[in-house]
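Let me begin by presenting the structure, written as structure tokens, before commenting on it.
Order of the sequence lines sets the chain letters (A, B, ...), proteins ahead of strands, with each chain counted from 1. For the numbers below, each heavy atom of this structure counts, side chains included, while hydrogens, waters and symmetry mates do not.
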Amino acid sequence: MITYLQALNAALDKLLADDPRVFLYGQDIGSFGGAFKVTKNLAARYPGRVLDAPLSEDAIVGMAIGAAIEGMRPIVEMQFADFSTCGFNQIVNHAATLFYRTEVQCPIVVRLPSGGTPGGGPFHSQSMEALYAHYPGLIVMTPGTVEDAYSMLLEAVAIDDPVIFCEHKFLYNHLKAEALPDEALPVGKARIARRGRDATIVTHGAMVHESLAAAEELVSDGYEIEVVDLRTVKPLDTDTLLASVARTGRMLCVSEAWPWGGVSAEVLARVSTEGFGLLDVPAQRLNARDTPIPYHPDLWSAHRPTADAIVASTRHLLEM
Amino acid sequence: MITYLQALNAALDKLLADDPRVFLYGQDIGSFGGAFKVTKNLAARYPGRVLDAPLSEDAIVGMAIGAAIEGMRPIVEMQFADFSTCGFNQIVNHAATLFYRTEVQCPIVVRLPSGGTPGGGPFHSQSMEALYAHYPGLIVMTPGTVEDAYSMLLEAVAIDDPVIFCEHKFLYNHLKAEALPDEALPVGKARIARRGRDATIVTHGAMVHESLAAAEELVSDGYEIEVVDLRTVKPLDTDTLLASVARTGRMLCVSEAWPWGGVSAEVLARVSTEGFGLLDVPAQRLNARDTPIPYHPDLWSAHRPTADAIVASTRHLLEM
Amino acid sequence: MLLARILEEKLSSLYRAGAIKGGVFLGRGQEALSVSVGSHLRKGDIFAPLIRDQAGRMAFGDTVLDTLRTYLGSQLGSMRGRDGNIHRGRPREGYHAMISHLGAMIPLVAGALLARRMKGETGVVGATCLGDGGTSTGAFHEGLNAAAVEKLPLVLVIANNQYAYSTPGSRQFACANLIDKAAGYGVAAHQVDGTDLNECLRVLGEAVQAARNGGGPQFVVGNLLRLVGHGEHDDASYVDTALKESPLGRDCLEVCEEFLVEKDWATTKEIADWRVEAKTEVDDTTTKVQREPSPDPAEEDWTALSERRFAEELSEA
Amino acid sequence: MLLARILEEKLSSLYRAGAIKGGVFLGRGQEALSVSVGSHLRKGDIFAPLIRDQAGRMAFGDTVLDTLRTYLGSQLGSMRGRDGNIHRGRPREGYHAMISHLGAMIPLVAGALLARRMKGETGVVGATCLGDGGTSTGAFHEGLNAAAVEKLPLVLVIANNQYAYSTPGSRQFACANLIDKAAGYGVAAHQVDGTDLNECLRVLGEAVQAARNGGGPQFVVGNLLRLVGHGEHDDASYVDTALKESPLGRDCLEVCEEFLVEKDWATTKEIADWRVEAKTEVDDTTTKVQREPSPDPAEEDWTALSERRFAEELSEA
Ligand SMILES: Cc1ncc(C[n+]2csc(CCOP(=O)(O)OP(=O)(O)O)c2C)c(N)n1
Ligand SMILES: Cc1ncc(C[n+]2csc(CCOP(=O)(O)OP(=O)(O)O)c2C)c(N)n1
Ligand SMILES: [Mg+2]
Ligand SMILES: [Mg+2]
């Protein structure tokens, strides 16, 4: 069995082994192996290519951009996604604009350990994909499975544009798979995680598993719920969503991020517009609440969508 | 006649005169009067209360927060909205979370000279309202008229929560009104800028005027287009939108910001969901293109929505 | 200082017992420096402590009770379960609640001091602490610089514990000594052996007084070692043994106790009694807090805004 | 340097004639310092100029033609109308195109140098410039510090022209001299009279050589005055008259010409001829560029991504 975290480590290992242009830069990622141990053993295995950075998110991203222009393939680790606000300017104004302005590519990958865990609190729990997706020039991935953690990280580095890689902390050690995949869906394609006919749940990241659990629970009520894992939120695979909604006529979008302008807003805007004729009832969304992410696990469980809340929302959708 | 810019200056003047807790902090806003002259004459009139700041957006916002906790009402000027990325962390993680975490209010106003002007280019043209609206804990205003520039700035300072005040640079000197208003719609209420019956254009900021021009042009085709000016994008006045769509059955949302997760995505998500039964045809959106904002005025005109593009999109909506 | 140590030992054992859901980040070895900051501040001053400032917090007025409430997520704690562990404070009392982003508290304290000046208050001091790693942040630089330009009475204390998480100073900065940074901001510099309480009290006393007297920002570097992991999940195996055995690795509490005994200011017995007393207080308070209710999600007021009229009902969990 | 001056004078008059749609930000008075940076760099080196570096840009290989194309928005310019004025470069040639956010180019150059080192290239230097105001940014601090930690061959040149837009140094920093910042980063410090070309060439020569030889980052402060507004819309009335009359206010070009004449290296006549020559080149190129096509929105490829397969069609203008 291999965990989501081990899959990330294996992907980094393979990338470093296969491509001399790849190097890693981030806080405590060297011999210490990173705050979560995603880079464990890599510094020893690839001397001089897994570098501890100062506590300087802005410089970390800025340096990665400079190295990318020089033909390298830097992979940057933010210790938590939440700290990427301190490197925000370099990401959205420098990396994201470089190709458009200069025709020079900027193949950096910024790894953001994302999402909530119990006791994480307001500054160690954020899901920032919508922030980055709003800016032109970035590709934003939110792998929700062990297989995707592995294959999407490999692809992220292969892409010639900057990639924001939102890996989910809650899945790091919880999620396990039999083996690493040999092949994968192309980047930009959503995946039907579960076939259904009565309604479509569109989701991504850790919410894939809450949604699947919800779908399972609804089986006893006689419902077959389709679950679509977006995988990449920018670009967003509208076609797969529309095809699913064409089958089910109902859609709920579940996202751990905040509601206003989040992934779910973009999904609803697209599906409601392009799938206007396909929807039997209005599309719905379920998000984290519009407050900072609370520290206490009891509050946290009520703040983000859970399988129970998804069941309730889906029932509501089905009964509309 | 009073310009949008003069209205802002008059509001600041009144605020400083009426409330000893108000002070201004930002780059070049003192005796120089600011890059755009919004704070002209104020430093001389209110000695020690209009302070030039170092070139340090992060510190500027951080200091404003500290002063607000101490009971002051700081108004911060970013030289351009685009530079607020450098103060982003303090805004979204400190100001926006303070009340939720500590029960202490954070009444700061961050003025963002926003939006495109010809020749502004990628870093002097951005519309960042969606970024800030995504975060819980912030109020985001986008005044589109001289009257609102004045009255909403007064209200912004009166509000006990942090306000992101997106004033539009293109309107600074172009837009004029007869006089300053004595009263105003409450914050959070959208305004029917033009009555109509055939379709609703929902918009805000400088796009209000492009939309009104488009509506005028469509009169010759026999169409009466309603134009709704959002005024505040968070909170968003869904009720007024729904009431308008109930009358017209059709909606186009026009926004100068980028599409993914922007104001228009949020508007479409809400109206399509809550107004599902009211829409005769799918809601549409028209945004700036999903690239950095180009420098050349010819490219810029093709990048952002203009009256012509709005006419075309509205025609398409009407003919659906 | 002793109480802070005992309390932190309790937090550590509660962590190991799984009684605390989030992380636990302790200040063992840094108490002398931290307590010296807190104890030179007066009521009406401003303090924004950081990660390893349990001792300084208590000297400034924080309590065993509120510490435990915050760590254990009691609804009665100052953060009401919304934030936890070191992210606590009572900003209305000048005791600020840190956000995680390092360096961010510096401009906040500067701004609070600016406000005090505008309100005509004099003789106020604002202190905040940071680690060696935190000096690499843009926030540190912008905040200290802006405070220097305004000549604000800010005391910025750098606890140079030689590591930022696992990262040693050699990967964090290239100056010979962190104190060399002061001149670049035009602020007064102080350096102190952070393992020696007497020295810490003296130097912080000078720094706080200088700030109070209008000397502008004071930059204090205390050299020491943290005698514990970055957090309780961390065994700190990366810490250089030579450093541990150097004077930097001394336990400030032991140094202090030896001093007290040597000077005949306290007997070993008395110190042992204080320890028991502290332990009793901590244990009793723990028992009490563990019986307190957790915050109730159903009663939670799910808005981030203080102005209720702007709260929106979106389709949420 | 002369050519840069003449070219900028042309840009100023084009601006006044309304021929340039965006802003124009000139380096008048800063040419000696700027050209000294560019002229010590070799092919294969890295240069990220800033606002007032027309002279340094040209010394590094930028041309009158591309400058005018960018300002006038010709489709044939290196930025193809997508970006303008000082935001130009050819990053593939080591000549970087600044973003507006001050300080942001420092880590970029550091990262490029890190990459060169990883690729095994030696003897490379990377230079970048910044104003006095730019030293207050977090980006400056983080970038210089990270470069120092990696001991990269970065030459960071601060053009201290005494103002950031309208803001004087006294509202920008509190250190006695900007050079005092170097020690805090552990980097070598150089200071120079920015109005004296000889001195600038000598000091920059030393700094670039030191970086090339493995001496790590070099921090250079040139003292001078900008002899022009912040941008051409600005009359710079805030500049202190005493400063203008001080040695800082000397025009480096005049200083240089006097020197040449005094040394008998050139006659006044020869210099006048150079001026005419430069003017002719600038005028001719302007005429040519003004006939070039603007970028055509209809042919514009509206995607920010280089990988076409990920471009999305959203409902847009
Ligand atoms: C801006 C930012 N980046 C990263 C982190 C994650 N982080 C938390 S503590 C820490 C190390 C801090 O080291 P130092 O400042 O020396 O303080 P110490 O822990 O040694 O007391 C890091 C990297 C953070 N809190 N803030
Ligand atoms: C981060 C950031 N904030 C604000 C600005 C707006 N701005 C452009 S130039 C300038 C003044 C720069 O002063 P200085 O660094 O001294 O350079 P100078 O113009 O004097 O050459 C300012 C404030 C900016 N470009 N970047
Ligand atoms: Mg440390
Ligand atoms: Mg300057």
Side-chain angles (χ1 to χ4, degrees), chain A residues 57-58 82-83 85-86 88-93 96-97 100-101 121-123 126 128-131 133-137 140 233-236 253 257-277 279 281-285 288-295, chain B residues 57-58 82-83 85-86 88-93 96-97 100-101 121-123 126 128-131 133-137 140 233-236 253 257-277 279 281-285 288-295:
Chain A
E57 284 78 9
D58 184 77
D82 317 49
F83 299 131
T85 46
C86 298
F88 191 66
N89 184 56
Q90 289 283 359
I91 297 174
V92 304
N93 280 319
T97 66
Y100 181 77
R101 296 169 58 241
F123 310 116
Q126 295 176 26
M128 296 177 65
E129 44 270 13
L131 269 283
H134 183 58
Y135 276 89
V140 184
V233 303
K234 189 166 186 186
L236 192 87
C253 184
W258 291 303
W260 203 110
V263 174
S264 63
E266 184 63 28
V267 166
L268 259 68
R270 292 192 190 198
V271 172
S272 300
T273 296
E274 300 178 43
F276 189 73
L279 287 165
V281 298
Q284 302 291 319
R285 56 178 159 167
R289 293 183 192 266
D290 198 32
T291 72
I293 300 142
Y295 163 79
Chain B
E57 284 78 8
D58 185 78
D82 317 50
F83 299 131
T85 46
C86 298
F88 191 66
N89 184 55
Q90 289 283 0
I91 298 174
V92 304
N93 281 319
T97 67
Y100 182 77
R101 295 168 60 239
F123 310 116
Q126 294 177 26
M128 297 177 64
E129 45 268 15
L131 270 283
H134 183 58
Y135 276 88
V140 184
V233 303
K234 189 167 187 185
L236 192 85
C253 184
W258 291 303
W260 204 110
V263 174
S264 62
E266 184 64 26
V267 166
L268 259 68
R270 292 191 189 197
V271 172
S272 300
T273 297
E274 299 179 42
F276 189 71
L279 287 165
V281 297
Q284 303 290 318
R285 55 177 160 167
R289 293 184 192 266
D290 198 31
T291 72
I293 298 141
Y295 163 79

Would you say the side chain of B:F123 lies within less than 4.5 Å of the side chain of A:R101, judging by non-hydrogen atoms? yes
Looking only at A:A265, A:A283, A:G275, the option with the highest number of non-hydrogen pairs under 4.5 Å against chain B is A:A265
Taking B:W258 for its side chain and A:P136 for its backbone only, find out whether a donor-acceptor pair lies under 3.5 Å. no
Side chain, backbone, both or neither: which part of A:V263 has a heavy atom under 4.5 Å from chain B? both
Count the heavy-atom pairs under 4.5 Å between each of B:P292, B:A269, B:P294 and chain A, then report the option with the highest count. B:P292
Taking every heavy-atom pair that is under 4.5 Å apart, which of A:T291, A:L236, A:V271, A:V267 has the most such pairs with chain B? A:T291
Are B:E266 and A:R285 within salt-bridge range, i.e. N to O under 4.0 Å? yes
Heavy-atom pair with the smallest gap, counting every atom of A:L279 and A:S272: CD1-CA, 4.0 Å
Restricting to non-hydrogen atoms, name the atom on A:D290 and the atom on B:K234 that form the minimum distance, rounded to 0.1 Å. OD2-NZ, 2.9 Å
Residue from A:G121, A:P122, A:G262 scoring the most non-hydrogen pairs under 4.5 Å with chain B is A:G262
What part of B:V233 lies closer than 4.5 angstrom to a heavy atom of chain A: side chain, backbone, both or neither? both
pair A:H134-A:V92: side-chain heavy atoms closer than 4.5 Å: no
Among the options A:T97, A:N93, A:D82, pick out the one with the most heavy-atom pairs lying under 4.5 Å from chain B. A:N93
Quick one: what part of A:D58 sits under 4.5 Å from any heavy atom of chain B, side chain, backbone, both or neither? neither
Heavy-atom proximity to chain B below 4.5 Å, by part of A:E274: neither
Would you mind reporting whether A:Y135 and B:Q126 have side-chain heavy atoms less than 4.5 Å apart? yes
